[in-house]
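Indexing begins at 1, ligand by ligand and atom by atom, following the structure's order. We number each residue from 1, following the sequence as shown.
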Amino acid sequence: MTEQSQAIKDQFGRPLKDLRISVIDQCNFRCTYCMPADIFGADYPFLNKEEMLTFDEIIRTAEVFASLGVEKIRLTGGEPLLRKNLHLLIERLFSINGIEDIALTTNGVFLPKYAMLLKEAGLKRVNLSLDAIDDEVFQSINSRGVKTSPVLKGIEAAEEAGLQVKVNMVVKRGMNESQILPMARFFKGKGHILRFIEFMDVGNVNGWENSEVVSKQEIINTITEELPLKQLAPNYYGEVATRYRYKDGDGEIGVISSVTDHFCDTCTRARLSADGKLYHCLFASQGYDIRKLLRQGITDNMFKLEVMKKWSTRGDRYSADRAEGKLPIKEKIEMSYIGG
Ligand code: SAM
Ligand code: SF4
Ligand code: SF4
């Protein structure tokens with residue numbers, strides 16, 4: 001698709017700028033807050049190969065989105081590195097007109113195997129999830145007995161391949177708030193930005209309670225008692241992480257406070273599930289079936305019109321509604337299905 005990108009706006013005047021693509025709904029971990037092992041067991045109906053979008057279908061979708069203003073793509077899952085030949089998809093995504101940035105969110109375990117291929121495919125950065133630096137705490141979270149060393153090796157492999165690394169830690173009370181300081185100490189001075197994420201009420205299976213949210217303020221207070229911090233200005237409009245620098249100059253951290261703050265006013269993100277459903281919000285209930293359109297042989301122009309029509313009716317602002325006490329009670333999609 002070579003024509004100029006056509007900016008479109010939703011009901012609140014928000015443009016479509018980012019596309020998050022989940023490439024698989026399966027994962028090698030069973031993080032208790034994301035894919036509880038008792039629910040995501042051996043008989044869980046994960047998507048089969050035919051149900052998932054092919055690379056050709058993903059590329060066609062990305063081309064249409066790029067023609068409507070999308071500049072940034074994030075690949076996620078499930079665990080995206082479980083999708084075979086992901087590097088080939090990345091290479092093709094980079095060749096799309098208008099796509100300026102591609103990122104990957106991963107639990108890092110497969111990076112020693114794939115980091116170099118990903119880098120050669122054009123990837124520049126990865127967000128790596130690690131919720132504890134203590135083996136026992138980490139093992140009790142991932143429910144697969146995986147110690148921290150495979151993830152730390154993943155970080156090393158990414159570094160060696162020349163990828164920029166950000167480390168993400170979800171903080172949930174009763175699960176890992178004891179790890180806030182040890183994680184800060186461990187990553188301070190190592191050149192990676194560590195970002196703490198408030199535990200969110202995504203999906204239905206993780207039994208989210210407001211009391212389990214460790215707020216941005218609490219996280220910052222905990223760190224600053226030992227390692228004083230100074231808040232920094234955002235890097236760009238709509239940045240979701242609040243940035244802080246250690247006062248001794250030895251590194252930066254971020255906090256993503258999706259519960260105690262909200263970012264709906266500047267949310268420019270659309271999400272595509274591995275089976276081709278389009279969602280306009282992380283907390284959506286229903287997706288729009290893109291796979292069906294593609295497999296029915298829709299033309300590029302009609303496809304574009306459909307996406308434009310949908311985006312122009314977008315009125316999602318779940319976190320803002322939550323903050324205003326107007327929380328709708330509804331079934332929501334799961335994080336492992338739609339990605340972070
Ligand atoms: N498997 C990959 C990983 O863990 O990085 C990619 C998919 S995972 C769903 C994406 C991110 O969502 C991870 O950083 C994970 O910790 C985060 N996440 C999952 N459930 C969450 C929740 N309820 N609240 C906040 N973050 C969550
Ligand atoms: Fe898997 Fe990522 Fe969810 Fe953990 S957070 S279960 S690694 S998809
Ligand atoms: Fe965007 Fe929905 Fe999150 Fe608001 S709640 S920032 S609309 S994904």
message = I need the nearest protein heavy-atom contact for atom 7 (S) of ligand 3: residue, atom name and distance, please.
response = D316 O, 3.6 Å
request  = Could you find the nearest protein heavy atom to atom 6 (S) of ligand 2 and give me its residue, atom name and distance?
outcome  = C31 N, 3.3 Å
key: Side chain, backbone, both or neither: the part of T76 lying under 4.0 Å from ligand 1 by heavy atom   = side chain
note = Ranked by distance from atom 14 (O) of ligand 1, the top protein heavy atom is S129 OG, 2.8 Å
task = For Y318, counting its heavy atoms only, list the atoms of ligand 3 lying under 4.0 Å from any of them.
result = 5 (S)
note = In ligand 2, the atoms that come under 4.0 Å of a heavy atom of G78 are 8 (S)
request  = Specify the protein heavy atom at minimum distance from atom 8 (S) of ligand 3: its residue, its atom name, and the distance to 0.1 Å.
outcome  = L282 N, 3.4 Å
key: Per-atom contacts, ligand 3 versus R271 - under 4.0 Å to a heavy atom   = 8 (S)
ask   = Who's the nearest protein heavy-atom neighbour of atom 5 (S) of ligand 2, and how far?
value = C34 SG, 3.7 Å
query = Which of the atoms in ligand 2, numbered in the order shown and given with their element, are less than 4.0 Å from a heavy-atom of N107?
reply = 7 (S)
ask   = Does any N/O atom on D131 come nearer than 3.5 Å to any N/O atom on ligand 1?
value = no
key: For atom 2 (Fe) of ligand 3, the protein heavy atom that lies nearest, with its residue and separation   = C281 SG, 2.3 Å
ask   = Nearest to atom 2 (C) of ligand 1 by heavy atom, G78, S336, C27: which?
value = G78
inquiry  = Below a 4.0 angstrom heavy-atom separation, can you tell me which part of R20, side chain or backbone, both or neither, approaches ligand 3?
reply    = neither
inquiry  = Checking a contact table here: which protein heavy atom is nearest atom 1 (Fe) of ligand 2, and how many Å away?
reply    = C27 SG, 2.3 Å
key: Atoms of ligand 1 close to N107 [distance to a heavy atom under 4.0 angstrom, numbered from 1]   = 2 (C), 3 (C), 5 (O)
remark   = for atom 24 (N) of ligand 1, nearest protein heavy atom and its distance come out as M200 N, 2.9 Å
request  = Answer with side chain, backbone, both or neither: which part of N206 has a heavy atom less than 4.0 angstrom from an atom of ligand 1?
outcome  = side chain
ask   = Against heavy atoms of E79, which atoms of ligand 1 measure under 4.0 Å?
value = 1 (N), 2 (C)
